[in-house]
Amino acid sequence: QVQLVESGGGSVQAGGSLRLSCAASGLRVSSVRMAWFRHSPGKEREAVASINSGGSPVYVDSANGRFTVSRDNANNTLNLQINSLKPEDSARYSCAAAAGTTYLGWDATQTYNYWGQGTQVTVSS
């Protein structure tokens with residue numbers, strides 16, 4: 001059974017940083033495409049970063065170098081470092097895994113078949 005459990009969210013002031021983590025069980029984060037999505041009220045769920053099994057990352061254009069996605073293979077964890085946080089980064093951040101699915105794009109929700117519950121990030125100005 002696959003489980004993805006996020007942690008690391010919180011309330012921070014604009015300009016601060018957070019490191020989100022996604023602990024995986026039932027699959028190896030190094031063997032599948034993983035991604036971070038965020039969702040806030042009134043907005044569509046948005047993919048912000050992804051890393052494929054080869055270790056190549058990709059980011060949403062609006063990240064502007066502030067996001068870094070990485071894997072900790074020893075701990076089977078996916079991480080997202082967010083620097084220079086802005087109020088518009090406030091959202092619930094979820095990790096997702098694509099295991100045996102049809103690839104429809106790194107930012108397509110349909111590419112991913114396992115999802116975590118998410119961790120809330122709130123950025124105040």
Side-chain angles (χ1 to χ4, degrees):
Q1 182 180 0
V2 175
Q3 281 194 318
L4 304 174
V5 180
E6 300 92 338
S7 61
S11 297
V12 298
Q13 289 194 326
S17 298
L18 281 175
R19 184 175 179 84
L20 308 183
S21 293
C22 170
S25 59
L27 57 76
R28 300 297 304 175
V29 297
S30 59
S31 299
V32 300
R33 175 174 288 280
M34 302 290 297
W36 286 98
F37 284 75
R38 65 185 179 187
H39 191 201
S40 55
K43 295 184 180 180
E44 291 190 2
R45 183 177 295 184
E46 175 187 38
V48 297
S50 179
I51 186 166
N52 65 10
S53 58
S56 297
V58 61
Y59 302 97
V60 65
D61 289 345
S62 60
N64 289 327
R66 299 184 298 117
F67 293 3
T68 303
V69 62
S70 62
R71 300 181 307 209
D72 179 346
N73 294 338
N75 291 304
N76 204 29
T77 300
L78 178 74
N79 300 308
L80 182 68
Q81 177 73 34
I82 312 175
N83 298 325
S84 302
L85 278 157
K86 305 176 181 180
E88 51 264 42
D89 293 321
S90 296
R92 191 163 188 85
Y93 286 71
S94 300
C95 67
T101 58
T102 299
Y103 180 71
L104 298 173
W106 75 270
D107 56 350
T109 57
Q110 301 95 321
T111 291
Y112 304 91
N113 55 337
Y114 295 105
W115 295 82
Q117 291 298 308
T119 185
Q120 181 67 35
V121 171
T122 302
V123 184
S124 57
S125 57

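Throughout, residue positions are numbered sequentially from 1 according to the sequence presented.
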Where do [X] and [Y] come nearest, in terms of heavy atoms and distance?
X	Y	value
V69	A49	CB-CB, 4.0 Å
S30	N73	CB-OD1, 3.4 Å
V29	L78	CG1-N, 4.5 Å
R38	A91	CB-CB, 3.8 Å
A97	M34	CB-SD, 3.4 Å
S125	A14	CA-CB, 4.3 Å

Joint cluster assignment, V58 & L20, ILVMFWY side-chain distance < 4.5 Å:
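V58 clusters together with L20.
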Are L104 and V60 connected in a single hydrophobic cluster, I mean Ile/Leu/Val/Met/Phe/Trp/Tyr linked by side-chain heavy atoms less than 4.5 Å apart?
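Different clusters.
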Under 3.5 Å, is there a donor-acceptor pair between the side chain of [X] and the main chain of [Y]?
X	Y	answer
R66	S84	yes
N76	A23	no
N52	G54	yes
Y114	C95	no

Just by distance, no angles: are the side chains of Q81 and N79 close enough, under 3.5 Å, to form a donor-acceptor pair?
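No pair is found: no donor N or O on one side chain lies under 3.5 Å from an acceptor on the other.
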Nearest 0.5 Å, please: how far is [atom2] in [Y] from [atom1] in [X]?
X	Y	atom1	atom2	result
E6	L80	CD	CG	11.0 Å
S94	Y112	OG	OH	13.0 Å
K43	S90	NZ	OG	8.5 Å
S7	Y93	OG	OH	15.0 Å
R71	C22	CZ	SG	13.0 Å
T122	R92	OG1	CZ	10.0 Å

Does the side-chain contact (heavy atoms from CB on, under 4.5 Å) test come out yes or no for E88 and S62, once each step is laid out?
CA-CA 11 Å; E88 51 264 42; S62 60; over 6 Å; no
Evaluate whether atom CD of Q117 has more than 12 neighbouring non-hydrogen atoms of other residues, nucleotides or ligands under 6.0 angstrom away.
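Atom CD in Q117 is not crowded, with 12 or fewer foreign heavy atoms closer than 6.0 Å.
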So do W106 and T111 actually touch side chain to side chain, heavy atoms under 4.5 Å?
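Heavy-atom side-chain distance check fails, nothing below 4.5 Å.
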Quick check: do Y59 and N64 have side-chain heavy atoms less than 4.5 Å from each other?
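With C-beta onward as the side chain, the pair stays apart.
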Centroid-to-centroid, F37 to W115, below 6.0 Å?
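Yes: the rings meet the under 6.0 Å criterion.
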